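Encoded as structure tokens, the structure appears first; notes follow it.
Naming: A, B, ... by sequence-line order, numbering from 1 per chain. As the structure is a computational prediction, the values presented were derived from the model and not from experiment.
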Amino acid sequence: MANHKDQEIEARTIAVLVDNEPGVLARVIGLFSGRGYNIESLTVSEVDPRQRFSRITVVTSGTPQILEQIKAQLDRLVPVHRVSDLTMDGASVERELALVKVAGSGDKRVESLRIADIFRARVVDSSHDHFVFEMTGKSEKLDVFIDLMQPLGLVDVSRTGVVAISRGPQGL
Amino acid sequence: MSAEQKTGAEMLIRTLKDQGVDVIFGYPGGAVLPIYDALFQQNDIQHILVRQEGGAVHAAEGYARSTGKVGVVLVTSGPGATNAVTGLTDALMDSIPVVCLTGQVPTHLIGNDAFQEADTTGITRPCTKHNYLVKDIIDLPRIMHEAFYVARSGRPGPVVVDLPKDVLQGKSDHYVAPEEVTHRSYRPQTKAEDHKIAEAVEMIAQAKRPIVYAGGGVINAGPKACELLTRFVRTLGVPCTNTLMGLGAYPGSDPQFLGMLGMHGTYEANLAMYNCDVMINIGARFDDRVTGRLDEFSPRSKKIHVDIDASSINKNVMVDLPIVGDAGSVLEDLLAAWQARKLELDQKALKAWWQKIEEWRARDCLKFEQKGQEIKPQHAIKRLYELTKDRNPYIATEVGQHQMWAAQYFKFEQPNHWMTSGGLGTMGYGMPAAMGVQRAHPDALVIDVAGEASILMNIQELSCIAQYNLPVKIFIVNNQWMGMVRQWQELLHGGRYSESYSAALPDFVKLAESFHAVGIRCEKADELDDKIMEMIDTPKPVVFDCLVTKDENCFPMIPSGAAHYEMLLGPDDKVGKPISEEGMVLV
């Protein structure tokens, strides 16, 4: 069969349901760094406090062979309950949230508010010489918005990384 | 549940007893004093005092590999834990079930750079299958039982339980028995899907040049799995080769056995792998020492890969049929499916395949010439095998040329008799491993085949061997070189023997005597047999210093980065083409 050298690099969004126990995130991150896999974004939060489940969403890239390895390696970590490939296993919704701080006055300030309106970003903090915009959407949309803010006095950006969920009635 | 208040240390001892532990290998220190105090007050569990914590882990590995049980280690915090790291990594690479209990500073001091504090769970996270920090005595019994379950289930491996001193000294009446503990998430798949089994037997039935390539996974699956492998191979009438870790999974003197494969494997095993049309890999992981150059690895075969660890499949070599499951369970299903369908291989093709294999076998790739009084290392190991085989010995090794010669010249008829550091290649593994084996099998003949360089890496354990009067035989193949390093420097680095000479060696006979063991030196070929017999008949630990030819190389050899058909059979074979830079980096 073909060697992985001939394969193309692809991006994937993977959801991992884990026990919320100390060190579990270090285990996942250590797996990626120890085996030389890429992490493009990673988010983690408890999703079921009663059962102590946390959900990790990781966006990674590699050849199909490496991506299969990543899933198998994640799946064999002891505190991992489930691994789901949201890119391959049917359709999914991906969202990211960004907080974007723009400082300035005059025309630039007006322009930033106008663009924020087009992008349906919300103002969550403001003064005479700054805004903080909150915006959710696909990562690409956030990229474009942040690019447009650049010449208008962009001073700070904070992004959550991608969270994702499958479409349809089934759970993870 | 018991109303009786117990300390954490007492509770720990109880969990060990409930797990059927009868021996632990360890070394005391401040953080684990409560455990040592609890050990002192009971008689069910024996503690073997090693001389360095690294020795404790290898001893537990030897114990585990020769019994199929979980080996248990007890070390203190800080340096106790960091000294254990090499052994833990070794156990991870070779899938050996070990539970390592480490002391830790009290919970309120964690993170304060306290005396003998180390971030043990942080340090051991990448070199264990799993690890735990017990922060509350309530969790202690559950975590201990989980640790044993995780260590021995699925693909076995080492598990660390880090135990802060205040948890060991605290009191609780909350105990849970092993039966009451179910792991929340870890449930490895042991049974293969029926359609995969069906697909596999159909694929095998089409084969004209099949081969079974079996590894340590079969040994880990237990003696019954090894019997099933033997039945499977004999039922089909196909050739079988074992990896270094798999030796003993299939009877070594069986005519269908082609010997070990890989870098120092036999000519017939490697050429059969290269030329086969269906490869049945059971519990082996396509290690780089086995495959050689990947793009030339068995290029025309359909490959079936049975492994309990899904991440081992399609990692190095893409296979046509992946089967996740326990080697024993899958072999049983394959045999049943084969027989139920009344399948048979094309006998004419199989005969032609065996003819080809016999031609390769006739090259007698392990031959060597023993002339005069200077002992060839191969001769020393072959004689050791011939003179001990009737006693069904347990063989441990260090790492290097002697290890490969032992793998080549010993024939293992049964599993669990061969202890070697395969994945990590840890020099200093053998003697402590042999200690653990001897503790598990007090009346058996246990031999550590060693080199004069490796043995010095854990030489302090001779003191432990003496203390418990473990009659381990240490057979040093002494060529006064780090032989495998020297061999690579000769073949790949223009004979510039940088730092590979074993200078200032001790007098091993006197060294043995100073450690209350018997020392025997052998320098002449015609004394060899008598002295080996003397060693075997000595009911005490023996250090056997066998002086051998200094510049002998280990053949056959697939040079790094070369393909299976590019084997060097002996010193007269020259490396066909200069080894590429890509090959050089492969070590």
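- A 6.0 Å sphere centred on NZ of B:K302 holds no more than 12 heavy atoms belonging to other residues, nucleotides or ligands.
- Of the two parts of A:V80, only the backbone, made up of N, CA, C and O, holds a non-hydrogen atom closer than 4.5 Å to a non-hydrogen atom of chain B.
- The minimum heavy-atom distance between B:N314 and A:Q65, with the atom names listed, is O-NE2, 2.7 Å.
- Annotation for A:K141: atom NZ counts as buried by contact number, over 12 foreign heavy atoms lying within 6.0 Å.
- The side-chain hydrogen bond (donor to acceptor under 3.5 Å, both in side chains) analysis of residues 133-142 of chain B, with sequence neighbours excluded, yields the pairs B:R142-B:E146.
- Residue A:D107 places its CG atom among 12 or fewer non-hydrogen atoms of other residues, nucleotides or ligands, all under 6.0 Å distant.
- At a heavy-atom separation below 4.5 angstrom, chain A is approached by no residue within residues 275-287 of chain B.
- Summarising the local packing, NZ of B:K196 is surrounded by more than 12 heavy atoms from other residues, nucleotides or ligands at distances under 6.0 Å.
- In this structure, B:S185 and A:D19 approach most closely via the heavy-atom pair OG-OD2, 4.0 Å.
- Here the shortest heavy-atom pairing between A:A72 and B:S311 reads CB-CA, 3.5 Å.
- For B:R155, the part sitting under 4.5 Å from any heavy atom of chain A is the side chain, from C-beta outward, and nothing else.
- Environment of CZ in B:R187: crowded, with over 12 heavy atoms of neighbouring residues, nucleotides or ligands closer than 6.0 Å.
- The greatest number of non-hydrogen atom pairs below 4.5 Å with chain B, out of A:Q73, A:R82, A:R76, is found for A:R76.
- For the salt bridge (Lys or Arg N to Asp or Glu O under 4.0 Å) test, no residue two or more places apart in sequence or in another chain qualifies with A:R95.
- The environment of CD1 in A:I165 is sparse: at most 12 heavy-atom neighbours from other residues, nucleotides or ligands sit within 6.0 Å.
- B:R184 CZ to A:H81 NE2: the interatomic distance, rounded to the nearest 0.5 Å, is 4.5 Å.
- Proximity to chain B is absent for every atom of A:E68, based on heavy atoms less than 4.5 angstrom apart.
- Applying a 4.5 Å heavy-atom cutoff, the residues of residues 118-133 of chain B that approach chain A are B:R125, B:K129, B:H130, B:N131.
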